[in-house]
Amino acid sequence: AQKVTQAQTEISVVEKEDVTLDCVYETRDTTYYLFWYKQPPSGELVFLIRRNSFDEQNEISGRYSWNFQKSTSSFNFTITASQVVDSAVYFCALSEVSGGGADGLTFGKGTHLIIQP
Amino acid sequence: ETGVTQTPRHLVMGMTNKKSLKCEQHLGHNAMYWYKQSAKKPLELMFVYSLEERVENNSVPSRFSPECPNSSHLFLHLHTLQPEDSALYLCASSQEGDRVGGNTIYFGEGSWLTVV
């Protein structure tokens, strides 16, 4: 069975600090996708990134970066020079490919990130 | 403008009422989903429709009844709900079989439901 664990329930940092959100996953499949979503107070889940299991290259997008390590089954998300607008709940999610698609996502419980001015 | 729109954004209903949540996707996708998000619980997948056919029903009580009349629209009909059904209901869509996009799921803004 697939599982996503986000051990950090809540993180609070001061603006401009760097912060890393942890994500550990479990799956029996060799082919899968990992995702990060951001949920601001309005409720919408905003897609941030998708990685497939064959691509372990780290990715950087502006102040956001992601570190995917299959050896530790982790897909961590770092925000550099955090800003108040980054305050939100962040979800890590997993999708297995063997299910043939349209299987939905398995989500972690989310990490509530608070950026204090 | 979001590619997935949900109405209403907020709904308060009594336990004996019948109401419906509506979702429309403008992304040309062929799969749609309903998720439930309760306080302090992980997001729960409720229903999946692929090519307008229901492919998954995760043991959801019958008081929740989905309807997918076409690939762009999805409804969740609500009947005799309980206070514990109060939650954020999120609609989403994806393109099944998208090897490039990896079946990325795009979400709407959600419908906040309160059952009194």
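Naming convention: chains lettered A, B, ... in sequence-line order (proteins, then strands); numbering from 1 in each chain. Small disclaimer: the values here were computed from a predicted structure and weren't measured.
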The reported gap from CG in Leu43(B) to NZ in Lys109(A) (rounded to nearest 0.5 angstrom) is 12.5 Å
So, Tyr37(A) side chain and Phe107(B) main chain: donor-acceptor pair closer than 3.5 Å or not? no
May I ask you to check whether over 12 heavy atoms, not counting those of [X], lie within 6.0 Å of atom [atom1]?
| X | atom1 | result |
| --- | --- | --- |
| Lys16(A) | NZ | no |
| Gln57(A) | CD | no |
| Lys19(B) | NZ | no |

With the 4.5 Å side-chain cut-off for hydrophobic clustering, are Leu21(A) and Val14(A) part of the same group? no
If two hydrophobic side chains count as joined below 4.5 Å and joins carry through other members, does Leu11(B) share a cluster with Met15(B)? yes
Which bit of Gln39(A) is near chain B, if near means a heavy-atom gap under 4.5 Å: side chain, backbone, both or neither?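 For Gln39(A), the contact with chain B is made by the side chain alone.
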Could you tell me whether the side chain of Gln37(B) reaches within less than 4.5 Å of the side chain of Val89(A), counting heavy atoms only?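 When only atoms from C-beta onward are counted, Gln37(B) and Val89(A) do not touch, as no gap falls below 4.5 Å.
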Do Thr106(A) and Leu45(B) come close enough that some side-chain heavy atom pair is under 4.5 Å? no
State, to 0.1 Å, how close Phe107(A) and Pro42(B) come at their nearest heavy-atom pair, and which atoms those are. O-CB, 4.5 Å
Tyr106(B): which residues meet the ring pair (Phe, Tyr, Trp, His ring centres under 6.0 Å) condition with it, sequence neighbours left out?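 Here the qualifying residues are Phe47(A), His29(B).
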Could you walk me through whether Leu105(A) and Tyr35(B) pass side-chain contact (heavy atoms from CB on, under 4.5 Å), step by step? CA-CA 10 Å; Leu105(A) 297 169; Tyr35(B) 279 84; 3.7 Å; yes
When Gly108(B), Gly110(B), Ser111(B) are compared by non-hydrogen pairs under 4.5 Å with chain A, the top option: Gly108(B)
